[in-house]
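Input: a single structure, listed below in structure tokens.
As the structure is a computational prediction, the values presented were derived from the model and not from experiment. Sequence lines set the chain letters: A, B, ... in the order given, protein chains first and strands last, and positions in each chain run from 1.
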2 protein chains.
Amino acid sequence: MSDNFEKLISPLEKEIDDLLPSISVDCVILGYKNQQLKVLLLQWKHSGKWALPGGFVRRNENLDDAAQRVLEQRTGLSKIFLKQFHTFGSLERSTIKQIDAGYKALIDFHKQNKKVYEWINNRFISTGYFALADIRKTHPIPDAFSQKCEWKPITAMPDLILDHNTITEKALDYLGVQLNYLPIGLSLLPQKFTMQDLQKLYEAILGRSLDRSNFQRKMLKLGMLVRKEKLMTGAANKAPYLYSFNRAVYKKLLQEGIGFSY
Amino acid sequence: MSDNFEKLISPLEKEIDDLLPSISVDCVILGYKNQQLKVLLLQWKHSGKWALPGGFVRRNENLDDAAQRVLEQRTGLSKIFLKQFHTFGSLERSTIKQIDAGYKALIDFHKQNKKVYEWINNRFISTGYFALADIRKTHPIPDAFSQKCEWKPITAMPDLILDHNTITEKALDYLGVQLNYLPIGLSLLPQKFTMQDLQKLYEAILGRSLDRSNFQRKMLKLGMLVRKEKLMTGAANKAPYLYSFNRAVYKKLLQEGIGFSY
DNA sequence: TCAAAAGTGTTTCCAATACACCCATGA
DNA sequence: TCATGGGTGTATTGGAAACACTTTTGA
């Protein structure tokens, strides 16, 4: 265990002077697989508690770029939809550190190293970023603090450190409200997909079922779907069409907000 | 002039140790009068440049409370709609300080006092807050840095320091997008108002004219307006009804978003 | 009496919804 | 052939938009 910590301390200790104090970023990275929305989470060393991927902001780095860096380092992907959604600045964020089992273990361990100890024990204001990623393309990589990096379904979220559950909830609220302004399908589905795939995705987000016939008509009417050749299904039913997105049209629609009622 | 600066420096110098480094808040406070949307601005001493009301965050203060404090100190009002809308964290925010005429004058003046000089010359990440205030009730008060505090129409915004013009634009975008979730009428109009007042307000925000008949019907259908006795107008036309809001219904509608298309 | 604005009513059109019908496929 | 899901069509409903008509008021 202890050599894990050696690796853990050193990079942070070297970096601290190059970081902005009091500010951090946390990313809620959403994916979709097996008809489930999922969030990319990290499991911290020793305490075993889960956390959102996050990081600090370098003195010579844009806030947005810090989030982008965290995102790339965890997913291995660079061209991903990423947007700031809320900044969390309550005092409780730091006071809870003393009683949060996951965070406390981290703090206690660092008591030896005054510099790092004071740094992580500090009050941080964190800007939350919202990201959409195609799970199939990602290669989840743990950071120096964690032993695992995994996709967890939002219907079965573990207890997260600090206020990370709150941050996640706020991100999901954001998803619901901003539905018509986010590249949901384009970001979460593979290149080719069926109309049912798309509908199931929206149903997962909205938490309710939609009328198949009307969904199809309205989606097609938007003009952002390109119908491909048929799919060989292997299932005991009519083979559905495959679709892909016309990116130009999709992006244009998002500008004004897709006029879609669900 | 110089005694102005004495007053200016001293409060900040004392406060610095009690403030979070690198973080500030800026408030875009909107009001409505004479059929115009207005923003509350401060005119800085010596340089004469205009700026958004802003401030720093105390070590023992919630981020939201810091914004609330700024808002109260400038307007004299406490119960005002206030909401965070975006956090500005680009590097240019600080690099521009050296060439921004308004900010440079401030920096230059403080060269004597190392502590304050380093503080204001630092890189800050600023969280923008959006507020709605009834102009008639406010008592604009300049802060220690400024000589004036005035309402300026958004159609004739002066050049603001740093990225404050950008922040204002983003706030107005936010207003447009969040229209159905913001207590526009309740916050910006006096207790009693005519249907035309309400319509003109929405027209000012949307930047286009609306059909009188349809506006009235849709607004009344929402059930959040209470019709009062007639108004003595003094104009050469039929006297219009006066309305006020049913706050309970209004608040409830805002929860789900007023289902209103304009 | 007249212009201006207020209040109310009417018509048209389109989108949302619910649901019916037939088609294709593999077990 | 039958269950399953896919593709398409239709009737109903309600709201948005455009606009017509009448009413009230002070000049």
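Out of dT17(C), dG5(D), dG7(D), the shortest distance to the side chain of N214(A) is found at dT17(C). Checking dT25(D), dA18(C), dC19(D) against the side-chain heavy atoms of A239(B) singles out dT25(D) as nearest. Listed nucleotides: dA6(C), dA18(D), dA15(C). Nearest to the side chain of R217(B): dA18(D). The nucleotide whose nearest atom lies closest to any side-chain atom of Y241(A) is, among dC19(C), dG7(D), dG26(C), dG7(D).
To the nearest angstrom, P of dG5(D) lies 16 Å from NZ of K230(A). Between Q199(B) atom CD and dA17(D) atom C1' the separation is 14 Å, expressed in whole Å. Atom C1' of nucleotide dA6(C) and atom CD of E229(B) are separated by 16 Å, given to the nearest angstrom. Protein atom CD of Q216(A) is 16 Å distant from nucleotide atom P of dT10(D), rounded to whole Å. Rounding to whole angstrom units, CG of residue L222(A) and P of dA15(C) are separated by 11 Å. Computed from coordinates, the L210(B) CG to dA18(D) P distance equals 10 Å when rounded to whole Å. For M219(B) and dA16(D), the CE to C1' distance is 15 Å, given to the nearest whole Å. Taking atom CG of L220(B) as the reference point, atom P of dG15(D) lies 15 Å away to the nearest angstrom.
Within the 4.0 angstrom heavy-atom criterion, only backbone atoms of the sugar-phosphate kind lie near K221(A); the bases stay farther away.
Side-chain N/O atoms of R212(A) and base N/O atoms of dG5(D) include no donor-acceptor pair closer than 3.5 Å. If you check distances only, the side chain of S213(A) does reach the base of dG9(D) with a donor-acceptor pair under 3.5 Å.
Look at K238(B) and you won't find any side-chain N or O under 4.0 angstrom from OP1 or OP2 of dT22(D). In terms of phosphate contacts, Q196(B) brings no side-chain nitrogen or oxygen within less than 4.0 Å of OP1 or OP2 of dA5(C).
Both R227(A) and F260(B) lie near DNA chain D, and the one whose nearest nucleotide falls closer to the 5' end is R227(A). Positionally, the nearest nucleotide of DNA chain C for K218(A) lies more toward the 5' end than for the other of N237(A) and K218(A).
For the pair K228(A) and Y243(A), the cation-pi criterion (under 6.0 Å, within 45° of the ring axis) is not fulfilled. Seen from the ring of W151(B), K33(B) does not count as a face-on cation partner, given the 6.0 Å and 45° thresholds.
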Exercise. For F245(A) and F193(A), what are the C-alpha separation, side-chain angles and deciding distance, and is it a ring pair (Phe, Tyr, Trp, His ring centres under 6.0 Å)?
Worked result: CA-CA 9 Å; F245(A) 287 104; F193(A) 52 90; 4.8 Å; yes

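Ring pair F260(B)/F215(B) is perpendicular by interplanar angle, where above 60° counts as perpendicular and below 30° as parallel.
Annotation: R227(B), atom CZ; neighbour count of heavy atoms from other residues, nucleotides and ligands within 6.0 Å is above 12.
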